[in-house]
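The figures here come from the full heavy-atom set of this structure, side chains too, leaving out hydrogens, waters and symmetry mates.
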Amino acid sequence: MSNDSHHDKHHEGDVAFIRSLAELLNSSELNEIQVKREYGEHDRLTVSLTKQGKQVVYAQSPAAPSAPAPQASAPAPAAATAPAPAAASADPASLPGAVTSPMVGTAYLSAEPGAAAFVTVGQTVAEGDTLMIVEAMKTMNHIPAPRAGTVRRILVDDGNPVEFGTPLMIVE
């Protein structure tokens, strides 16, 4: 059996598993479900489902921090795929340089309490530089700069909870 067919079986099972979790969330009094499945050393699935009103939103984290985004991840917000000029009062997530949270968790602007922030407003960053950490289920997920540019705004405070798609900062 090749790794691809093994991965495809995981993917099919994972999709059914996520659907059943979403149904459970919709039919219960729960507001959030977080699950982490370990298949092997570099093969895992982390799912966060949060009920927002009557809508269930889910986020799937990549298998490894250095791996490219998985093909079966949650869809990106439409604003991220079709940036358009926006007024200063517009939703920050719709701004062209918005960096959004890939998961539900807690945002940290530095590596540890009292340490210097990863970035500051006005700082120039290279693509891949760590902008902040989003902690989810005791895992510290480094949020990389999606492009080179200058940090224009930091939209979250240290220690604040964030949802999937929450605008974290503006890098232009």
Sorted by chain and number, sequence neighbours left out, salt bridge (charged side-chain N to carboxylate O under 4.0 Å, His left out) with E127 holds for none
For V104 and A136 the tightest heavy-atom approach is O-CB, 3.4 Å
Minimum-distance pair of heavy atoms, taken over all atoms of S101 and V162
OG-CG2, 3.6 Å
Compare every heavy atom of V151 with every heavy atom of I154, then report the nearest pair and how far apart it is.
CG1-CG1, 4.0 Å
Determine whether V156 and M132 make a side-chain contact, defined as any pair of heavy atoms from C-beta on separated by less than 4.5 Å.
yes
Contact summary for L131 and P146, nearest pair of heavy atoms
CD1-CD, 4.4 Å
pair V99-I143: side-chain heavy atoms closer than 4.5 Å
yes
N/O donor-acceptor pairs under 3.5 Å from side chains in residues 105-125, not counting sequence neighbours:
residue: S110; atom: OG; partner: E112; partner atom: O; Å: 3.0
residue: Q123; atom: OE1; partner: T120; partner atom: N; Å: 3.0

How long is the straight-line distance from CG of L155 back to CE of M169, given to the nearest 0.5 Å?
8.0 Å
G128 and P144 have their tightest heavy-atom pair at O-CB, 3.8 Å
With rounding to the nearest 0.5 Å, note down the distance linking OG1 in T150 to CD1 in I170.
13.0 Å
Mind listing the closest non-hydrogen atom pair of A145 and A126 along with its distance?
CB-O, 3.5 Å
